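All remarks here apply to the structure that follows.
Atoms within each ligand, like the ligands themselves, are counted from 1 in listed order. The shown structure was predicted, so the numbers you read here are calculated from the model rather than taken from an experiment.
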Amino acid sequence: MTIIGVLGLQGAVREHIRSVEASGAEGIIIKRKEQLDEIDGLILPGGESTTMRRLIDKYDFLDALKQFGQSGKPIFGTCAGLILLANEIVGQDHAHLELMDMKVQRNAFGRQKESFEAKLEVKGVADDFEAVFIRAPYVVEVGTDVEVLATFNDAIVAAKQGHYLCSAFHPELTDDHRLTAYFVEMVKTSKKELAS
Ligand code: GLN
């Protein structure tokens, strides 16, 4: 069985577990860094990136999360999770995990658009994906190794860099599990590759 962890320090955790299980993998909530050894892939959920970072430091997760990614195991960051993955954040001196070569802008859609839904084409996933945005960031710039998977009004809202995947929206809040299923497939492929 492929096991996918959802970082359970803060944010939309249970919804991701439900989506992982609907996509044919086992989902577990990660609250201690030792649990990272038990999983094949990890989801960093939406929530509040500054709060999440505080808790990552409090529970001594930072290096363990970086090493998890650097070992080749897939990570999917959604919304605040996307911010955690970026190596640069507009207006901030320091980023967090710095695993994806991209610059992100927090709360990028402004006050009028605190939350909204939009139908998106997500490359390799769906051409009619109903995406839920909540105080969402977007990606301002990507490095050459990053593949853009979706845009909304010219802003990058989903991307992939090798075994890292991110979305500015919340794929776990509807019954459309196709993006989570895409990540589950990434994890299954990497599990085979890492075992051989
Ligand atoms: N605006 C939040 C942040 O900066 C992200 C919002 C979300 O995850 N829904 O962390």
Side-chain angles (χ1 to χ4, degrees), residues 4-20 27 29-31 41-59 61-62 65-66 69 74-120 122 125 129-142 146 149-153 155-161 164-180 182-183:
I4 297 191
V6 180
L7 187 67
L9 300 177
Q10 193 252 349
V13 178
R14 297 210 170 266
E15 295 84 349
H16 272 296
I17 298 280
R18 186 185 68 106
S19 190
V20 163
I29 299 176
I30 303 294
K31 290 193 177 283
L42 176 69
I43 294 175
L44 304 172
E48 186 56 48
S49 57
T50 48
T51 306
M52 238 182 262
R53 173 57 191 271
R54 220 174 22 248
L55 295 169
I56 284 173
D57 289 340
K58 181 171 176 194
Y59 295 103
F61 255 108
L62 193 72
L65 290 171
K66 282 189 186 186
I75 303 182
F76 180 16
T78 66
C79 204
L82 167 150
I83 297 167
L84 293 180
L85 284 174
N87 65 2
E88 204 178 336
I89 302 168
V90 173
Q92 292 185 205
D93 290 338
H94 300 286
H96 305 293
L97 299 176
E98 303 180 343
L99 292 170
M100 285 186 77
D101 188 10
M102 60 186 187
K103 185 196 237 179
V104 303
Q105 165 84 56
R106 295 179 63 200
N107 303 316
F109 292 97
R111 275 180 184 278
Q112 303 85 331
K113 283 204 155 201
E114 284 248 307
S115 84
F116 60 99
E117 292 184 24
K119 201 162 266 185
L120 302 179
V122 185
V125 178
F129 194 87
E130 197 63 40
V132 180
F133 292 83
I134 305 169
R135 292 186 304 283
Y138 60 57
V139 179
V140 183
E141 258 173 49
V142 293
V146 180
L149 299 185
T151 58
F152 173 69
N153 291 348
I156 299 168
V157 292
K160 180 176 186 288
Q161 180 179 2
Y164 301 125
L165 179 68
C166 67
S167 69
F169 50 89
H170 285 257
E172 78 287 8
L173 294 183
T174 68
D175 287 328
D176 185 345
H177 300 297
R178 287 176 291 178
L179 186 55
T180 305
Y182 178 86
F183 179 64

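- Taking N153 as the reference, nothing meets the side-chain hydrogen bond (donor to acceptor under 3.5 Å, both in side chains) condition, with sequence neighbours excluded.
- No donor-acceptor contact under 3.5 angstrom links the side chains of T78 and H170, judged on distance only.
- Every residue meeting the side chain to side chain contact (heavy atoms under 4.5 Å, CB included) condition with Q92, not counting sequence neighbours, appears here in chain and number order: I89, H96, R106.
- Minimum heavy-atom separation, A80 to G47: CB-N, 3.5 Å.
- Residues satisfying the ring pair (Phe, Tyr, Trp, His ring centres under 6.0 Å) test with Y138, not counting sequence neighbours, are F109.
- Classification of the F129-F169 ring pair by plane angle, with boundaries at 30° and 60°, yields tilted.
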Ligand 1 polar-atom proximity to protein (N/O, under 3.5 Å):
{"from": "ligand 1", "atom 1": "1 (N)", "to": "N107", "atom 2": "OD1", "distance (Å)": "2.6"}
{"from": "ligand 1", "atom 1": "1 (N)", "to": "R135", "atom 2": "O", "distance (Å)": "2.9"}
{"from": "ligand 1", "atom 1": "4 (O)", "to": "S49", "atom 2": "OG", "distance (Å)": "3.4"}
{"from": "ligand 1", "atom 1": "4 (O)", "to": "R106", "atom 2": "NE", "distance (Å)": "2.7"}
{"from": "ligand 1", "atom 1": "4 (O)", "to": "R106", "atom 2": "NH2", "distance (Å)": "2.9"}
{"from": "ligand 1", "atom 1": "8 (O)", "to": "G47", "atom 2": "N", "distance (Å)": "2.9"}
{"from": "ligand 1", "atom 1": "8 (O)", "to": "G47", "atom 2": "O", "distance (Å)": "3.1"}
{"from": "ligand 1", "atom 1": "8 (O)", "to": "A80", "atom 2": "N", "distance (Å)": "3.0"}
{"from": "ligand 1", "atom 1": "9 (N)", "to": "I134", "atom 2": "O", "distance (Å)": "3.0"}
{"from": "ligand 1", "atom 1": "9 (N)", "to": "H170", "atom 2": "NE2", "distance (Å)": "2.9"}
{"from": "ligand 1", "atom 1": "10 (O)", "to": "S49", "atom 2": "N", "distance (Å)": "2.5"}
{"from": "ligand 1", "atom 1": "10 (O)", "to": "S49", "atom 2": "OG", "distance (Å)": "2.8"}

